[in-house]
Amino acid sequence: MSDFKIPYGRQNIQQDDINAVVETLQADFLTQGPKVREFEEKFAAYVGAKYALAVNNATSGLHLSVLAMGLKEGERVITTPITFAASANCVRFAGGEVWFADIDPDTYLLSIESTRKLIESKPKGFFKGIIPVDFAGLPVNLEEFRKLANEHDLWIIEDACHAPGGYFVDSNNQKQYCGNGNYADIGVFSFHPVKHIACGEGGMLTTNSEEVYKKLSLLRTHGITKENMSENHGGWFYEMQELGFNYRLTDFQSALGITQLAKNNDGVIRRNQISDTYKKAFQGKIKFQSLPEGSYNAHHLFVIEVENRKELYDFLRSHNIFAQIHYIPVHTLPYYKEIGYGNADLSNAENYYAKCISLPMFPSLTDKEQEFVIAKVLEFIND
Ligand SMILES: *Cc1c(COP(=O)(O)O)cnc(C)c1O
């Protein structure tokens with residue numbers, strides 16, 4: 001069995017994906033063309049949002065999102081410490097301050113209570129926005145966060161990079177798919193190969209606001225437009241109305257995104273099968289991420305908590321199982337440690353980090369491979 005080599009995540013590229021890219025390479029557009037438009041339309045329909053805008057990666061997408069929300073230098077935003085650094089970095093790109101609230105010790109998501117406590121410990125207007133993260137694929141209850149945000153006049157950017165296809169159920173018993181824009185102002189997705197949909201690099205922004213969508217589109221292409229111009233010298237004329245960027249996705253990456261998106265439902269179903277098998281094997285023995293009533297976890301990751309985490313990590317590696325740690329708490333990274341906004345009690349995040357480990361979770365993981373992973377984890381635990 002030890003000739004298996006099992007990563008924690010892996011892309012699934014098939015012949016139809018390859019054909020779609022090759023066809024697009026032979027067509028007229030390499031950078032932004034008809035495939036980008038098609039990908040955006042299909043993605044918007046998939047998550048149930050009015051608008052979708054493709055970008056070159058989710059980090060760029062997060063940057064555009066905070067700018068579209070109007071974030072200015074010195075303004076403060078709250079996010080979770082248990083996320084990839086980019087969820088926080090986007091605030092710094094705009095010169096803002098990143099404040100962290102703690103996580104819930106069972107769902108590992110940004111805690112609404114901790115967020116409320118932080119907000120209410122400061123004067124009104126102190127914070128401008130919240131960036132909750134659908135960590136590991138588990139959707140944040142954005143209805144609750146929307147209520148809190150409305151009380152304090154805050155915007156919400158949902159970092160849904162882990163969660164295309166996930167949903168929570170709101171108080172009206174409605175399924176709310178990640179990134180559908182019903183409660184958050186903007187949803188952000190990543191098409192990095194370890195995520196559900198692989199484009200090499202790529203990202204998508206979703207929103208239900210036409211105004212936000214237009215702002216995002218303008219900023220994606222240098223702030224240059226031919227619409228709403230103050231003057232017009234002829235057919236060639238354009239205006240640069242804002243300081244924007246080149247954050248476009250290419251047409252051949254979008255072609256890959258389209259075929260990958262079509263497989264996402266099956267992929268999420270398979271991820272949930274894998275999760276069910278892990279849970280059955282670990283129930284009563286090992287703590288894993290809890291699932292709130294009615295929620296559907298898209299399972300980018302399957303996270304467990306163990307006492308001797310480093311030993312388990314090394315033990316699994318010695319058997320060619322490449323488990324991973326998600327994440328080193330962002331507030332403990334040297335860059336953020338040095339800035340040190342506030343002195344929040346983030347002990348749930350720190351306790352979680354001491355024990356967490358992400359086991360292999362990807363649709364093409366075979367039953368046999370998973371059995372091997374489970375056997376090795378249980379062997380370690382029972383030792
Ligand atoms: C991967 C990831 C990002 C960044 O995505 P890129 O497309 O690599 O820029 C941001 N936030 C979270 C939670 C992620 O997992």
Side-chain angles (χ1 to χ4, degrees), residues 7-11 39 43 52-67 77-94 98 100-101 103 107-110 129-140 142 156-166 178-179 184 186-206 216 220 245-250 253-254 256-257 260-261 264 268 271 289 297-303 324-331 333 335-336 349 352-353 356 358 361-362:
Y8 83 90
R10 178 193 281 157
Q11 73 272 24
F39 187 26
F43 198 90
L53 190 90
V55 286
N56 59 346
N57 59 60
T59 304
S60 303
L62 284 160
H63 185 194
L64 295 189
S65 297
V66 296
L67 295 175
V77 175
I78 299 171
T79 190
T80 168
I82 299 301
T83 186
F84 184 58
S87 315
N89 292 350
C90 60
V91 175
R92 300 293 303 139
F93 296 162
V98 185
F100 297 97
I103 61 164
T107 63
Y108 313 148
L109 302 178
L110 181 63
I130 312 175
I131 307 179
V133 179
D134 301 314
F135 174 73
L138 183 62
V140 169
L142 290 173
I156 298 176
I157 296 170
E158 176 189 10
D159 184 336
C161 287
H162 293 184
C178 293
I186 303 176
V188 184
F189 294 87
S190 170
F191 307 134
H192 181 283
V194 297
K195 311 288 165 68
H196 290 61
I197 294 163
C199 290
E201 297 281 356
M204 192 71 80
L205 302 174
T206 57
L216 293 168
R220 175 176 67 178
F245 305 87
N246 176 357
Y247 284 168
R248 292 185 300 257
L249 189 66
T250 67
Q253 285 171 304
S254 299
L256 182 55
Q260 287 273 294
L261 175 63
N264 196 55
V268 173
R271 286 169 186 273
Q289 185 179 30
N297 191 331
H299 274 302
H300 165 52
L301 303 173
F302 188 86
V303 183
Q324 197 42 277
I325 308 305
H326 300 93
Y327 291 92
I328 304 167
V330 179
H331 68 283
L333 299 173
Y335 173 79
Y336 283 102
Y352 162 83
Y353 171 62
C356 69
S358 307
M361 168 56 83
F362 50 92

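Throughout, numbering of the chain's residues begins at 1 and tracks the sequence. Whatever order the structure lists them in is the order used to number ligands and atoms, beginning at 1.
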Which residues pass the salt bridge (Lys or Arg N to Asp or Glu O under 4.0 Å) test with Arg271, not counting sequence neighbours?
none

Please enumerate all residues that pass side chain to side chain contact (heavy atoms under 4.5 Å, CB included) together with Ile325, with sequence neighbours excluded.
Arg309, Tyr313, Tyr353, Cys356, Ile357

Among residues at least two apart in sequence or on other chains, which ones pass side chain to side chain contact (heavy atoms under 4.5 Å, CB included) with Ala160?
Asp134, Glu158, Cys178, Phe189

Test item: Leu67 and Phe245 side chains (from C-beta on) under 4.5 Å apart, heavy atoms
yes

With a 4.5 Å heavy-atom cut-off, do Tyr352 and Ile103 have their side chains touching?
yes

Inventory of protein N or O atoms under 3.5 Å from ligand 1 N or O:
| from | atom 1 | to | atom 2 | distance (Å) |
| --- | --- | --- | --- | --- |
| ligand 1 | 5 (O) | Ser190 | OG | 3.3 |
| ligand 1 | 7 (O) | Ala58 | N | 2.9 |
| ligand 1 | 7 (O) | Ser190 | OG | 2.7 |
| ligand 1 | 9 (O) | Ala58 | N | 3.3 |
| ligand 1 | 9 (O) | Thr59 | N | 2.9 |
| ligand 1 | 9 (O) | Thr59 | OG1 | 2.5 |
| ligand 1 | 11 (N) | Asp159 | OD2 | 2.8 |
| ligand 1 | 15 (O) | His162 | NE2 | 2.7 |
| ligand 1 | 15 (O) | Lys195 | NZ | 2.9 |
| ligand 1 | 15 (O) | Tyr327 | OH | 3.4 |

Quickly, which of Ile131, Val55, Ile157 forms a side chain to side chain contact (heavy atoms under 4.5 Å, CB included) with Ser65? Name it, please.
Ile157

